[in-house]
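The block underneath contains the structure these notes are about, expressed in structure tokens.
Each chain gets a letter, A, B and so on, in the order the sequences are listed, and its residues count up from 1.
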Amino acid sequence: MEVFFSRYRNVTVLLLVLFAQLLLLAWQVRGKQEVRLIRVWAVTAITPIAQVIETVRSQSAGFVQDYLMLMHAKDENRQLREEIGKLKLENQFLRSELQMADRVRALAAFQARTPSKTLAARIIATGTGANSKLAYIDRGATSGVMRGMAVITPDGIVGRVLAVFPFSSQVLLITDPTFAAGVISQKGRIQGTLKGQGHATCIVDYIPNEEKVEVGEWFYTSGTDRVFPKGLPAGVVKAVRPGRTFQEILVSPSGFQNGLEEVLVVLEGVHQQIPDATQQPQSGMYILPPPPAETHPSPAVSTEVPRLATDADRLKERYRAIGEAQGHRFGSGPPPDFLRNPAAAPPRPQTSPAPEPGSAGKPLSPQPTPNP
Amino acid sequence: MNEFGEPVLGRRPRKGRSTRYQPLVMLLVCLGAVLFQVYVPLFSQYFAYLELPLLVTVYFALTKRNPIAGLFIGCAVGLLQDSLAAHPIGLFGMVKTLIGYFAASVSMRFDVDNPILRAILAFFFFTFHQAFLWLLTSALLGQAAILDLPQMFLLAGLNAAVALPLFAVLDKMKERA
């Protein structure tokens, strides 16, 4: 027996171990019981190591991630700055395109509104020289532009065509010292000559000191120069100073106030009326029209606005009524008898019965019509 | 002579060439293998196809060249695996007990330092492990287990491929007796 075990020791141990495990398995399966102790040991042995490894892994992963992020932060920062620069340029370009679209739309609206025949053009260059104010537009003789034609914008006059080339034209701006145009003030209709000075403002010359020109008043083209049609805005008065013979009136040109990129060349000018002083040209602000006159809701009440505001007005109206009642015409014949009461005079035929005095406050009620 | 120049099949048992490991190293390696199987697949399911506890059992059994030591190593690793599994304890234990025993028995006849033989043994023991596990599950537990043979052989090849570098790493830790 002992020899047998010593000879088959390995197989014996194997069978014993397998048998033990088989018993353990059978016991678990048959009794549906669990060998909790072994599982507790195994889990207790494994899970702390797993926790440590997981902690180290997460920490080191976070550290490596942070390190890599820091390594790439500089490059990313540079790329983002470049991207911001590109976006700024793009934004600026889109803004300018939007502004140009607005200007073109305003130009087209003005072109459709004005009775003059105009041609849209674009400023493509400026002239050389210290004081000269020249510009080149992209329209020339092939487009029908001729020397001496007026160049305007919806805001006002800009200049006149000085020289014409096949595909471009040279424009003398109104700020050039050699420029002159006939203008007229809006309120007093005082004629003058607009002259350039080589800088942003112009002067209106040849207006005597006796004439009244106010700051803020508008000057319009008078049409006397045979270049600009009458009625185009020229500028607004910024300062008025009396001179030796003529006033020194500084005018801010209105044609340049929104920049000078697109202009209109007046091919066939049509004179227009100068607007009233109450209408502010190109104010840039929408102003409502004046409100309508108040109308009384009752048809029985007179809708006439009372004009007899003072005692003198009422006395004048009374004498006029007395004269009319006596058939008197002012300026001829003897004066009427002002002592007679006009109410006692024989009634004159009227198209509509005048309301009785004091009836305005009475309530309306249907009056019975008397039978004949 | 190089390792391929030696005869693969020895004439008598090669007990004199057994390898010693520090118990702590063996414990840590076995724990690490089980830990790998329960932890690493969290990050990628493909790692679940690796049966590192089996490979570690085979390696230690081969290097111990002692069937009793091999079967106890397999038993310990298998029971540890069973403890972390949902099924009753003993399935992996029995399978790996047998594998430890057979591996140690084979190491007494073959030159198990040969990488080709190691790969073949890893392939064979993985196939045996899966087949015997299927048999125990079906027979003892009465559960309907599926044995997908193509997948089993494919995974056996994969584990054999992994066994070569793993055994080489473990070779660095051993100290000759």
Exercise. Looking only at heavy atoms, which two atoms of A:N10 and B:P67 are closest? And how far apart?
Worked result: ND2-CG, 3.4 Å
Problem set entry | Minimum-distance pair of heavy atoms, taken over all atoms of B:T97 and A:Q21 | OG1-NE2, 2.9 Å
For this session: For A:L25 and B:I89, work out which heavy atoms get closest and say how close.
Result: CD1-O, 3.5 Å
Problem set entry | Residues, nucleotides or ligands: over 12 heavy atoms within 6.0 Å of A:Q59 CD | no
Exercise. Where on A:L23 is there a heavy atom nearer than 4.5 Å to chain B: the side chain, the backbone, both, or neither?
Worked result: neither
Problem set entry | B:F153 CZ: over 12 foreign heavy atoms closer than 6.0 Å | yes
For this session: Kindly determine whether B:Y39 and A:R57 satisfy side-chain contact (heavy atoms from CB on, under 4.5 Å), including the steps that lead there.
Result: CA-CA 12 Å; B:Y39 179 71; A:R57 187 202 64 81; 3.5 Å; yes
Problem set entry | Structural part of B:L71 lying under 4.5 Å from a heavy atom of chain A | side chain
Problem set entry | Other residues, nucleotides, ligands: >12 heavy atoms within 6.0 Å of A:W27 CH2 | yes
Problem set entry | Leading residue by heavy atom contact count with chain A [cutoff under 4.5 Å; candidates B:L98, B:L141, B:L80] | B:L98
Exercise. Looking at A:V13, A:L24, A:V40, A:I49, which makes the most heavy-atom pairs under 4.5 Å with chain B?
Worked result: A:V13
Problem set entry | Proximal component of B:L42, with respect to chain A [non-hydrogen, under 4.5 Å] | neither
For this session: Take atom OH of B:Y46 as the centre, draw a 6.0 Å sphere, and report whether it contains more than 12 heavy atoms from other residues, nucleotides or ligands.
Result: no
Seminar exercise, completed: When the 4.5 angstrom heavy-atom criterion is applied to A:V43 and chain B, the contacting part is both
